[in-house]
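Reviewing the structure listed below.
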Amino acid sequence: MKCPYCSNLESKVVDSRPADEGASIRRRRECLACGKRFTTYETMESLPLVVVKKDGSRQSFDKDKVLRGMIRACEKRPVTMDRLVKIADQIEQEIQNSLERETSTEKIGELVMRYMKDVDEVAYVRFASVYRQFKDIDTFMDELNKLLADKQK
């Protein structure tokens with residue numbers, strides 16, 4: 001590991017511990033040339049995920065884009081940022097676990113809606129209205145009726 005102070009390539013690990021709930025390892029290193037200490041993080045390399053959009057185009061999966069959509073839906077709602085970040089992490093993990101390298105925007109939207117329904121009903125309806133592109137009040141009411149029917153079960 002290259003020292004950030006003197007650029008020497010030789011260092012020793014002084015301390016090592018799990019970070020990010022076990023998703024990475026934090027290592028304290030000491031440069032063998034200048035003696036200064038620095039921190040590195042080791043994470044597992046994951047295969048890139050590709051999202052197939054409605055028009056057939058493809059782009060890399062962006063967890064931050066999913067998170068931004070949820071933040072917009074939860075605006076002025078009592079949902080913490082930590083909760084939304086955890087949901088975004090869970091969605092990314094579910095997609096990774098599917099072992100498919102390509103996923104559709106529809107699948108991602110359905111995953112977000114499944115989690116949002118449990119987090120905040122108003123945020124769920126907001127997200128669904130954008131995701132499902134409600135054309136009129138009838139489609140909006142259909143979604144609300146589904147939500148009410150699920151709640152009564």
Side-chain angles (χ1 to χ4, degrees), residues 1-4 9 11-29 38-153:
M1 183 62 61
K2 184 177 174 182
C3 174
L9 293 175
S11 65
K12 68 178 181 180
V13 175
V14 178
D15 181 40
S16 193
R17 66 179 72 164
D20 298 328
E21 297 177 6
S24 64
I25 298 174
R26 178 185 185 271
R27 298 192 194 280
R28 282 297 287 165
R29 296 178 177 271
F38 57 98
T39 303
T40 61
Y41 290 90
E42 180 180 314
T43 59
M44 182 175 61
E45 184 178 30
S46 59
L47 295 172
L49 292 171
V50 176
V51 177
V52 181
K53 300 179 82 169
K54 288 180 184 174
D55 65 1
S57 64
R58 287 165 166 71
Q59 68 182 48
S60 296
F61 176 79
D62 184 0
K63 181 174 64 174
D64 291 335
K65 194 171 184 181
V66 172
L67 184 60
R68 284 192 303 271
M70 291 190 302
I71 290 169
R72 253 183 266 123
C74 292
E75 198 168 289
K76 296 183 182 178
R77 300 298 304 157
V79 181
T80 65
M81 188 65 173
D82 284 345
R83 183 95 187 261
L84 294 177
V85 169
K86 284 179 184 169
I87 291 170
D89 289 341
Q90 289 172 320
I91 289 169
E92 182 180 35
Q93 192 63 52
E94 271 191 54
I95 295 168
Q96 285 278 358
N97 290 345
S98 74
L99 302 178
E100 295 176 21
R101 293 301 102 212
E102 290 188 351
T103 189
S104 66
T105 53
E106 289 84 12
K107 182 176 178 181
I108 295 169
E110 292 299 327
L111 284 170
V112 171
M113 286 179 33
R114 191 178 79 209
Y115 283 101
M116 293 300 285
K117 188 183 279 190
D118 295 334
V119 171
D120 186 274
E121 292 172 346
V122 172
Y124 165 77
V125 172
R126 285 178 180 170
F127 187 87
S129 70
V130 172
Y131 170 69
R132 293 214 169 118
Q133 299 175 341
F134 293 161
K135 303 286 188 249
D136 54 31
I137 194 71
D138 292 330
T139 54
F140 191 78
M141 285 305 297
D142 289 342
E143 193 63 38
L144 286 176
N145 288 331
K146 284 183 204 172
L147 185 63
L148 289 172
D150 287 346
K151 196 173 184 178
Q152 291 174 352
K153 288 182 182 177

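Note that the coordinates shown come from a computational prediction; the quantities given were computed from them, not determined experimentally.
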Where do Arg72 and Leu67 land on the side-chain contact (heavy atoms from CB on, under 4.5 Å) test, with the steps shown first?
CA-CA 9 Å; Arg72 253 183 266 123; Leu67 184 60; over 6 Å; no
Quick one, Val119 with Arg83, criterion side-chain contact (heavy atoms from CB on, under 4.5 Å). Give me CA distance, side-chain angles, the key distance, then yes/no.
CA-CA 9 Å; Val119 171; Arg83 183 95 187 261; 3.7 Å; yes
Could you go step by step and tell me if Ile25 and Arg17 meet the side-chain contact (heavy atoms from CB on, under 4.5 Å) rule?
CA-CA 6 Å; Ile25 298 174; Arg17 66 179 72 164; over 6 Å; no
Run the numbers on Ile108 and Val66 for side-chain contact (heavy atoms from CB on, under 4.5 Å), then give the verdict.
CA-CA 8 Å; Ile108 295 169; Val66 172; 3.9 Å; yes
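Under the 4.5 Å side-chain criterion, counting only non-hydrogen atoms from C-beta, Lys54 is in contact with Glu106. At a threshold of 4.5 Å between non-hydrogen side-chain atoms, the residues Ser98 and Lys107 count as touching. The shortest side-chain heavy-atom distance between Val50 and Ser60 does not fall under the 4.5 Å cut-off. Two residues are said to be in side-chain contact when any heavy atoms from C-beta on lie closer than 4.5 Å; Ser11 and Phe38 meet this criterion.
When all heavy atoms of Leu9 and Lys2 are compared, the closest pair comes out as CD2-CB, 3.8 Å. In terms of heavy-atom proximity, Cys74 sits nearest to Leu84 at SG-CD2, 3.9 Å. Residue Met113 comes nearest to Tyr124 through the heavy atom pair O-CD1, 3.4 Å, listed as atom of the first residue, atom of the second, then distance. The minimum heavy-atom distance linking Met116 with Ala123 is given by the pair CE-CB, 3.4 Å. Taking both residues in full, the closest heavy atoms of Phe127 and Gly69 are given as CD1-O, 4.1 Å, listed atom of the first, atom of the second, then distance. What you find for Lys65 and Lys53 is that their closest heavy atoms are NZ-NZ, 4.3 Å.
Using modelled atom types and a 3.5 Å distance limit, the side chains of Gln93 and Asp89 yield no donor-acceptor pair. Side chains of Asp55 and Ser57: a donor-acceptor N/O pair is present below 3.5 angstrom, by distance only. No donor-acceptor contact under 3.5 angstrom links the side chains of Thr40 and Arg27, judged on distance only.
The backbone N or O of Gly56 sits less than 3.5 Å from a side-chain atom of Arg58, completing a donor-acceptor pair.
Note that CG of Leu49 and CD of Glu102 are 10.0 Å apart. Values are rounded to the nearest 0.5 Å. Rounding to the nearest 0.5 angstrom, the gap separating the CG atom in Leu111 from the CD atom in Glu92 is 12.0 Å. To the nearest 0.5 Å, atom OH of residue Tyr41 and atom CG of residue Asp20 are 7.5 Å apart. Here the CD1-CZ distance, from Ile71 to Arg68, works out to 8.5 Å after rounding to the nearest 0.5 Å. Of the inter-residue distances, the one linking Gln90 atom CD with Arg114 atom CZ reads 9.0 Å to the nearest 0.5 angstrom. Summarising the geometry, atom CD1 belonging to Ile91 is positioned 7.0 Å from atom CD1 belonging to Ile95; distances are rounded to the nearest 0.5 Å.
Residue-environment remark: NZ (Lys63) exceeds the threshold of 12 foreign heavy atoms within 6.0 Å. Applying the 6.0 Å contact sphere to CZ of Arg28 captures more than 12 heavy atoms from other residues, nucleotides or ligands.
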